[in-house]
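Inspection log for the structure reproduced underneath, given as structure tokens.
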Amino acid sequence: MRIISDINELRSQMHGQNRVAFVPTMGNLHEGHLSLMRLAAVHGDPVVASIFVNRLQFGPNEDFDKYPRTMQSDVDKLEKEHVYVLFAPTEKELYPEPQEYRVQPPHDLGDILEGEFRPGFFQGVCTVVLKLFSCVQPKVAVFGKKDYQQLMIIRSMCRQLALPVEIIAAETVRDADGLALSSRNQYLSTDERAEAPRLYRVLNQVRERLLAQVKQVEQGAQQLTPLAQLEHDAVNELSAHGWKPDYIAIRRQHDLLEPSAEQVLAGEPLVILAAARLGTTRLIDNLEI
Ligand code: PAF
């Protein structure tokens, strides 16, 4: 694997490659990231990964400096996955001057859910992803469903800006007890780690309750319990076990807006999204219906 930090060197290395599959990351790689590399290899050749901790997507209260940087072990893992090039630019290389041109996601998609709790986050993500695409010029790029809203926003950015990059979605990788893999899991204490799988269990409960209700309505019961009630009950369940939930939201898969009762009953594809703090660690997860 070649490790390249210079944009011009990357461009000459990639010259003539027109089936590049790209996986952007911020490093601190775990099995979830490696599954993205494997999926990339199915959809293109060669596979290029990037590691860049992107200051633009960190809020003032989110600690950019404390983000784990584990370059050597990341390199070892990527070597084993037969990644062709690791693009690991310095900040000075990617942002040699203040990044004044930025990609602003639409309000309806970028300022809800994660965007509400992390203002500026998706602007930072879109800006760096567009810039990385410009450096790597991939044919396809792989993003995990774990960051569901990020995946949707990048997809819509590519569509609206006519970027010639196909976005591939990778399923979330989970530990045996259901906890979605995340770099943040390493911050959990032993007790918190034991509690953490509740987030996914609660998402499953919301799903089961919703599906059971749809069935009852189909069998002649009067009407659907408001989705807000299901969301509220799930928030209470987490709070009762020491969590501080930011949101649990049942949304339409295609635009992350709230579905009407008619749409739910008509089988609109839905996703339940959640973000909650356990101690000082903020976890997110989601479940498609
Ligand atoms: O999901 C991430 O790791 C980051 O948001 C990304 C897409 C690499 C952009 O910095």
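Both counts, for ligands and for their atoms, begin at 1 and track the order of listing.
Near Val128, meaning under 4.0 Å from any of its heavy atoms, are these atoms of ligand 1: 9 (C), 10 (O). Ligand 1 places these atoms under 4.0 Å from at least one heavy atom of Gln57: 4 (C), 5 (O), 9 (C), 10 (O).
Checked against the 6.0 Å centroid threshold, Phe52 and Tyr95 count as a close aromatic pair.
Neither the backbone nor the side chain of Ile154 comes within 4.0 Å of ligand 1, counting heavy atoms alone.
At least one donor-acceptor pair closer than 3.5 Å links the side chain of His33 to the backbone N or O of His30.
Stacking of Arg69 on the aromatic ring of Phe64 is recorded, both the 6.0 Å distance cut-off and the 45° axial limit being met.
Residues that satisfy the ring pair (Phe, Tyr, Trp, His ring centres under 6.0 Å) test with Tyr247, not counting sequence neighbours, are Phe117.
Ranking protein heavy atoms by distance to atom 2 (C) of ligand 1, first place goes to Gln150 NE2, 3.9 Å.
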